[in-house]
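Not measured: the values here are computed from a predicted model. Residue numbers begin at 1 in each chain, while the letters A, B, ... track the order of the sequences.
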Amino acid sequence: MTPLAPTSPQQAPEPQHPQGTEPRQRPQPQSLSDLFWSFSWLALQGFGGVLAVVQRELVEKKKWLTPSEFLEDWAVAQILPGPNVMNLSLMIGDRYFGMRGALVALTGMLLFPLLIVLGSAVLFAAVSDVPQVQGALRGMGAVAAGLITATGMKLVAGLRANAMGAPVCYALAAMTFVAIAILRLPLAWVLFTLGGLAWWWAYRQLRALPTPAGETP
Amino acid sequence: MTLPLALSATEWLGLFVHFLSLSLLAVGGAIATAPDMHRYLVDERHWLSDAQFSSSIALAQAAPGPNVLFVAVLGWNVGVNAAGGMAAGLHAWGLGALGMALAMLGIMLPSTTLTFAAARWGHRNRELRVVRAFKQGLAPIVVAMLIATGWILAGGHGGPWAQWPLWLLAIASAVLVWRTQIHLLWVLAGGAVLGALGWV
């Protein structure tokens with residue numbers, strides 16, 4: 001159950017149990033239904049994105065994860081393709097109850113929000129010919145476009161610390177934007193060419209950098 | 001509001017396969033693949049109208065839960081269109097549910113399977129150069145994909161000159177959310193009120 005035990009070197013050493021049977025002396029989900037309701041509850045609080053709620057509930061309130069564990073898990077969830085928050089839930093569920101836990105966490109995340117979103121889609125369809133409703137949705141659509149753009153803008157700041165250097169990052173980002181938004185090229189094409197190029201360039205650049213302490217490249 | 005269309009079994013399969021193929025490309029979240037969904041569903045297949053596409057995303061953003069649920073709404077709306085609109089009653093519910101299930105299964109299945117298998121490996125090997133290079137290299141691409149998604153959604157109703165109030169609202173909300181801690185629901189509600197009043 002603990003092949004993924006935290007290994008980050010900067011973390012304060014946890015009390016080691018000589019037998020190594022159950023090294024975690026901290027809160028964790030009691031059962032599959034505890035896991036299910038916990039994820040359902042946090043999904044239902046997540047208007048406009050669930051990540052902030054996951055952090056608050058699982059790290060600050062329930063203390064299932066330490067902040068550094070959360071960041072490591074989040075990095076992996078973000079690298080891997082797929083909805084990030086779903087990847088994160090899957091990984092956390094898997095950690096405690098294996099595949100069943102992964103499925104239960106995903107179900108908790110999706111079930112009730114899916115019913116709500118379906119209900120609102122049906123309600124909106126019933127009144128979608130009312131000009132005011134069409135107008136409201138147009139307005140909300142423009143805001144949704146703004147929200148997604150803002151998420152991207154917030155992440156731009158993180159590029160300054162990138163191993164490729166800020167100018168290369170901005171150039172790659174600009175090329176990606178033009179390819180997708182202006183030229184409307186298929187995503188696969190853009191990801192494989194620009195993404196592959198960026199991966200190769202970052203691999204080169206990381207060799208030139210001093211390696212973090214404790215790493216053997 | 002709805003588009004009259006009838007989908008063959010092959011076309012349903014095409015919908016499923018398209019979302020399957022996008023799943024593994026969704027680095028940075030499912031929303032980053034929205035431009036490709038728009039290209040496929042609206043521009044190529046004409047299964048959804050531009051307005052339906054944007055409103056599906058707006059609805060999912062306004063509702064609680066993970067953002068990936070916009071895919072469920074897209075699939076639902078394709079199904080309802082295929083039935084000829086909600087007036088078709090049970091037929092519309094059935095096809096809507098089919099579209100929703102195919103779209104959600106498609107977008108989730110490959111990525112969750114991969115995550116399940118790769119998470120342990122990635123966690124153990126997060127210091128490897130090839131893993132760190134992937135993370136660092138893809139970062140600017142992922143950021144640009146998000147901003148491009150916002151751009152394409154803002155343009156759903158027309159270019160910046162024809163639809164300047166909508167673009168202004170999109171830009172204003174982006175700046176608000178980017179620069180302040182305001183709750184997203186207030187911004188969405190503000191957009192809904194402005195739209196209902198006919199100002200955008």
Side chain, backbone, both or neither: which part of [X] has a heavy atom under 4.5 Å from chain B?
{"X": "A:F124", "answer": "side chain"}
{"X": "A:L187", "answer": "both"}
{"X": "A:A188", "answer": "both"}
{"X": "A:A125", "answer": "side chain"}
{"X": "A:M86", "answer": "side chain"}
{"X": "A:I182", "answer": "side chain"}
{"X": "A:I180", "answer": "both"}
{"X": "A:L197", "answer": "neither"}
{"X": "A:L194", "answer": "both"}

Check your understanding: Among residues 192-200 of chain B, which ones touch chain A with a heavy-atom distance under 4.5 Å?
Key -> B:A192, B:G195, B:A196, B:V200

With a 4.5 angstrom heavy-atom cut-off, is it the side chain or the backbone of [X] that approaches chain A, or both, or neither?
{"X": "B:I171", "result": "neither"}
{"X": "B:V143", "result": "both"}
{"X": "B:V73", "result": "side chain"}
{"X": "B:T33", "result": "both"}

Euclidean distance, [Y] [atom2] relative to [X] [atom1], rounded to 0.5 Å:
{"X": "B:F116", "Y": "A:L103", "atom1": "CZ", "atom2": "CG", "answer": "7.5 Å"}
{"X": "B:M100", "Y": "A:L118", "atom1": "CE", "atom2": "CG", "answer": "5.0 Å"}
{"X": "B:I141", "Y": "A:F177", "atom1": "CD1", "atom2": "CZ", "answer": "14.0 Å"}
{"X": "A:T149", "Y": "B:I152", "atom1": "OG1", "atom2": "CD1", "answer": "10.5 Å"}
{"X": "A:L147", "Y": "B:S173", "atom1": "CG", "atom2": "OG", "answer": "6.5 Å"}
{"X": "B:Q136", "Y": "A:W199", "atom1": "CD", "atom2": "CH2", "answer": "13.5 Å"}

Any idea which heavy atoms bring [X] and [Y] closest together, and the distance?
{"X": "B:V68", "Y": "A:P83", "value": "CG2-CG, 3.4 Å"}
{"X": "B:A139", "Y": "A:N162", "value": "CB-ND2, 3.8 Å"}
{"X": "B:P66", "Y": "A:M109", "value": "CD-O, 3.5 Å"}
{"X": "A:P113", "Y": "B:P64", "value": "CB-O, 3.5 Å"}
{"X": "A:V143", "Y": "B:G191", "value": "CG2-CA, 3.6 Å"}
{"X": "A:P186", "Y": "B:D36", "value": "CA-OD1, 3.5 Å"}

Out of [options], return the one with the most heavy atom pairs under 4.5 angstrom to chain A.
{"options": "B:A34, B:S21, B:A58, B:A92", "result": "B:A58"}
{"options": "B:P140, B:A172, B:G137, B:A87", "result": "B:P140"}
{"options": "B:M108, B:R179, B:M104", "result": "B:M108"}

Practice item. Return yes when atom CG of B:L90 has more than 12 non-hydrogen atoms of other residues, nucleotides or ligands closer than 6.0 Å, and no otherwise. Key: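 12 or below, so no.
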
Less than 4.5 Å apart, any side-chain heavy atom of [X] and any of [Y]?
{"X": "A:V122", "Y": "B:W76", "result": "yes"}
{"X": "B:P35", "Y": "A:R184", "result": "no"}
{"X": "B:L69", "Y": "A:L110", "result": "yes"}
{"X": "A:F192", "Y": "B:L25", "result": "yes"}
{"X": "B:S23", "Y": "A:P81", "result": "no"}

Review point. By number, which residues in residues 167-176 of chain A have some heavy atom less than 4.5 Å away from chain B?
Key: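 Within residues 167-176 of chain A, the residues that come under 4.5 Å of chain B (heavy atoms only) are A:C169, A:L172, A:A173, A:T176.
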
Quick one: of [options], who has the most non-hydrogen atom pairs under 4.5 Å with chain B?
{"options": "A:V178, A:V133, A:L42, A:L114", "result": "A:L114"}
{"options": "A:A136, A:G135, A:A202", "result": "A:A136"}
{"options": "A:S89, A:A121, A:A102", "result": "A:A121"}

Check your understanding: Sub-3.5 Å donor-acceptor pair from the side chain of A:N87 to the main-chain atoms of B:T115, do we have one?
Key ->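 Looks like no, no N/O pair under 3.5 Å.
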
Review point. Does any N or O in the side chain of A:W200 come within less than 3.5 Å of the main-chain N or O of B:A133, such that one atom is a donor and the other an acceptor?
Key: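 Side chain of A:W200 to backbone of B:A133: no pair is present.
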
